[in-house]
S.K.: 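I have a structure here, written as structure tokens, and I will follow up with some questions on it.
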Amino acid sequence: QVRLVESGGGLVQAGGSLRLSCVASGALISTTAITWYRQAPGKQREMVADITSGGSTYYRDSVKGRFTISRDNAKNTVYLQMNSLKPEDTAVYCCYGPFDNYHYWGQGTQVTVSS
């Protein structure tokens, strides 16, 4: 069974950094794109960053220059390095990936940025 498990969230002051990890089991992240999403209370879920199987990356405008998505195929893990964090980055962050016609989501990890 395919599973995606996020970790690395926590409480950090504005301007600080966190690195989130998304570890896949039962499937290889090298075969597909992996996307980080986030959802804050009362807000729509939004795409944060995406990395394709070929290594191309995409970011929403509000995180460009601050967040970096990367992939380590040997560890079957996708990372989201978050720098210069702002209170508006506070949300539950989830990773997503399609494998063999199924859509898989991680359980999410909470990121809280204090002002």
Side-chain angles (χ1 to χ4, degrees):
Q1 184 177 5
V2 177
R3 292 188 65 198
L4 301 174
V5 179
E6 305 95 334
S7 63
L11 175 63
V12 65
Q13 287 189 307
S17 298
L18 288 171
R19 189 181 75 161
L20 307 184
S21 298
C22 173
V23 181
S25 60
L28 299 178
I29 63 161
S30 61
T31 65
T32 190
I34 300 293
T35 306
W36 283 99
Y37 288 86
R38 68 186 182 189
Q39 188 168 26
K43 295 184 178 180
Q44 292 268 73
R45 183 176 61 205
E46 61 186 20
M47 174 269 191
V48 179
D50 178 87
I51 185 165
T52 71
S53 60
S56 298
T57 59
Y58 305 89
Y59 303 91
R60 70 179 299 107
D61 287 344
S62 62
V63 308
K64 287 180 179 177
R66 300 189 297 120
F67 291 11
T68 303
I69 188 170
S70 62
R71 181 180 63 207
D72 187 336
N73 289 337
K75 295 183 178 180
N76 215 27
T77 301
V78 172
Y79 302 97
L80 184 67
Q81 178 67 46
M82 305 185 295
N83 299 325
S84 301
L85 283 162
K86 304 175 181 180
E88 50 263 46
D89 295 318
T90 295
V92 174
Y93 286 70
C94 297
C95 58
Y96 160 86
F99 298 93
D100 292 331
N101 300 315
Y102 290 88
H103 300 258
Y104 295 94
W105 294 85
Q107 84 289 347
T109 185
Q110 176 71 48
V111 172
T112 302
V113 184
S114 64
S115 59

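Below, all heavy atoms of this structure are taken into account, side chains as well, without hydrogens, waters or symmetry copies. Residue numbers start at 1 and run along the sequence shown.
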S.K.: Hey, could you give me each pair passing ring pair (Phe, Tyr, Trp, His ring centres under 6.0 Å) that has a residue in residues 32-76? Not counting sequence neighbours.
M.R.: Tyr37-Trp105
S.K.: My understanding is that only residues two or more places apart in sequence, or in another chain, count here; which of them pass side-chain hydrogen bond (donor to acceptor under 3.5 Å, both in side chains) with Ser7?
M.R.: none
S.K.: Output all residues satisfying side-chain contact (heavy atoms from CB on, under 4.5 Å) with Glu88, sequence neighbours left out; order by chain, then residue number.
M.R.: Lys86
S.K.: In residues 9-19, what donor-acceptor pairs under 3.5 Å come from side-chain atoms, sequence neighbours left out?
M.R.:
from  : atom 1 : to    : atom 2 : distance (Å)
Ser17 : OG     : Asn83 : OD1    : 2.9

S.K.: What pairs of residues pass the salt bridge (charged side-chain N to carboxylate O under 4.0 Å, His left out) test when at least one of them lies in residues 33-58, not counting sequence neighbours?
M.R.: Arg38-Glu46, Arg38-Asp89, Glu46-Arg60
S.K.: Under the disulfide bond (SG atoms under 2.5 Å apart) rule, what pairs show up with a residue in residues 56-92, not counting sequence neighbours?
M.R.: none
S.K.: Go through the structure and list residues passing side-chain hydrogen bond (donor to acceptor under 3.5 Å, both in side chains) with Asp61, not counting sequence neighbours.
M.R.: Lys64
S.K.: Quick one: closest heavy-atom pair of Leu4 and Gln107, and the distance?
M.R.: O-OE1, 3.7 Å
S.K.: Measure the CG-OG1 distance between Leu85 and Thr112 for me, rounded to the nearest 0.5 Å.
M.R.: 10.5 Å
S.K.: I need the minimum non-hydrogen distance between Thr90 and Ala40, along with the two atoms involved.
M.R.: O-CB, 3.5 Å
S.K.: Please check if the side chain of Ser115 supplies one atom and the backbone of Pro87 the other of a donor-acceptor pair under 3.5 Å.
M.R.: no
S.K.: Can you name the side-chain contact (heavy atoms from CB on, under 4.5 Å) partners of Thr109, sequence neighbours left out?
M.R.: Glu6, Leu20, Tyr93
S.K.: Could you list the cluster mates of Tyr79? Members are the ILVMFWY residues connected by side-chain heavy atoms closer than 4.5 Å, either directly or through other members.
M.R.: none
S.K.: Tell me if a side-chain donor or acceptor on Asn76 pairs with a main-chain N or O of Val23 at a distance below 3.5 Å.
M.R.: no
S.K.: Check whether Arg71 reaches the backbone of Thr52 with its side chain - one donor and one acceptor, N or O, closer than 3.5 Å.
M.R.: yes
S.K.: Using the side-chain contact (heavy atoms from CB on, under 4.5 Å) criterion, which residues pair with Ser30? Sequence neighbours excluded.
M.R.: Leu28, Asn73
S.K.: Which residue pairs pass the disulfide bond (SG atoms under 2.5 Å apart) test with at least one member in residues 78-115, sequence neighbours excluded?
M.R.: Cys22-Cys95
S.K.: What are the two closest heavy atoms between Ile34 and Ile69, and how far apart are they?
M.R.: O-CD1, 3.9 Å
S.K.: Filter on salt bridge (charged side-chain N to carboxylate O under 4.0 Å, His left out), then keep only pairs touching residues 99-115, sequence neighbours left out; what's left?
M.R.: none
S.K.: Test of understanding: clusters of I, L, V, M, F, W, Y form through side-chain heavy atoms closer than 4.5 Å, transitively. Do Ile29 and Val2 belong to the same one?
M.R.: yes
